[in-house]
A.B. asks: 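Just dropping this structure here.
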Amino acid sequence: MDRRRLSARAHAHHPVAAPLSDASVRRLLDRAVVRGDERALDLGCGEAEWLLRALERHPRMLAEGVDLDSETLDRVRDEAQRRGVADRLALHHMPAAEFTSARSFDIVLSVGATHAYGGLRQTLTAAREHLGPGGRVLVGDAFWEREPHAAVRELLSGPSEWADLAGTVDLVTADGWTPVYAHTSTLDEWDDYEWSWTGSLAQWALDHPDHPEAQDALKVVEEHRAEWLRGYRGALGFVTLLLRRTTGG
């Protein structure tokens, strides 16, 4: 099964592709958007739900999203039209690492997409290039809640820099950033995300039993659910950090 189609089906009922509740997303956006007329950039935007919600809430904002998946971006365009924000949203079909802009941004987001750059540190380097003076970065990445079993660490094959929460914050501050807010996803948020991921994909397969990818989808669901429940549940954490440069803005 194509990985991008799989992800789209699995996130059908959880467009924020990270273990965050709607309330947590709203609180983080409220902290990130200070004036209401900011220019925002989402690197690896996926369904662009962060941008769509910010644009709905702040009618003077402008936003741009970058993603590799053209089908996903087509859905974003339709959703932006439905929500009445399409005239303030620009979408770019390309690898996030290749995006350039003649103008800087007040807010740069990359939540659950640090793999596009090879890890958290590299993502922050890219964000710095796009950020204007006094700007803020909203970045979300995994960390270890507790030391995982060797099999779990091998299974997830995360970036080598994954650490515990303290180590993650140390990495950020050593790279020249100061956290001005953060949210650590709860076990309830993780469970909701994982049940939604596996459930949405399973529901699609059960609704389309004659589709050539239906049985593969059910196999993916079974394997993913076992990896989660018997492997990383309670071991893998997720933190979303709101950052400003420690010096120079």
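Computed from a predicted model, the values in this text were never measured in an experiment. Numbers for residues simply follow the sequence, beginning at 1.
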A.B. asks: Carefully, step by step, assess Asp67 and Thr72 under the rule side chain to side chain donor-acceptor pair (under 3.5 Å).
C.D. replies: CA-CA 8 Å; Asp67 201 84; Thr72 297; 5.1 Å; no

A.B. asks: With Glu38 as reference, evaluate Arg88, Arg136, Arg60 under the salt bridge (Lys or Arg N to Asp or Glu O under 4.0 Å) test and give the passing residue.
C.D. replies: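 Of all the options given, the one that passes is Arg136.
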
A.B. asks: CZ of Arg146: more than 12 outside heavy atoms within 6.0 angstrom?
C.D. replies: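 Counting other residues, nucleotides and ligands, CZ of Arg146 exceeds 12 neighbours.
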
A.B. asks: State whether the number of non-hydrogen atoms from other residues, nucleotides or ligands found under 6.0 Å of Arg103 atom CZ is greater than 12.
C.D. replies: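 It does not: Arg103 CZ has 12 such atoms or fewer within range.
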
A.B. asks: Would you call the rings of His224 and Tyr232 parallel, tilted or perpendicular, where under 30° means parallel and over 60° means perpendicular?
C.D. replies: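 Geometry flag for Tyr232 against His224: perpendicular rings.
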
A.B. asks: Using ring centroids (six-membered ring only for Trp), state whether Trp190 and Trp197 fall under 6.0 Å.
C.D. replies: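 No, they do not, as the ring centres are separated by 6.0 Å or more.
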
A.B. asks: Would Leu242 end up clustered with Leu51 when hydrophobic side chains under 4.5 Å apart are linked, directly or stepwise?
C.D. replies: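 They do share one cluster, since a chain of ILVMFWY contacts under 4.5 Å joins Leu242 to Leu51.
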
A.B. asks: Check the pair Glu47 / Arg53 against salt bridge (Lys or Arg N to Asp or Glu O under 4.0 Å), numbers first and verdict last.
C.D. replies: CA-CA 11 Å; Glu47 301 288 343; Arg53 295 187 189 191; over 6 Å; no

A.B. asks: Could you walk me through whether Glu64 and His130 pass side chain to side chain donor-acceptor pair (under 3.5 Å), step by step?
C.D. replies: CA-CA 12 Å; Glu64 299 188 35; His130 296 294; over 6 Å; no

A.B. asks: Looking at Thr114 and Gly119, would you say the former's side chain and the latter's main chain have a donor-acceptor pair under 3.5 Å?
C.D. replies: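 Here the side-chain-to-backbone pair does not exist.
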
A.B. asks: Report whether Leu62 and Val108 are members of the same hydrophobic cluster (ILVMFWY, side-chain heavy atoms less than 4.5 Å apart, transitive linking).
C.D. replies: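 The answer is no; the residues belong to distinct hydrophobic clusters.
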
A.B. asks: Could you tell me how the ring of Tyr193 sits relative to the ring of His14: parallel (under 30°), tilted (30 to 60°) or perpendicular (over 60°)?
C.D. replies: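 Taking His14 first and then Tyr193, their aromatic rings stand perpendicular (interplane angle over 60°).
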
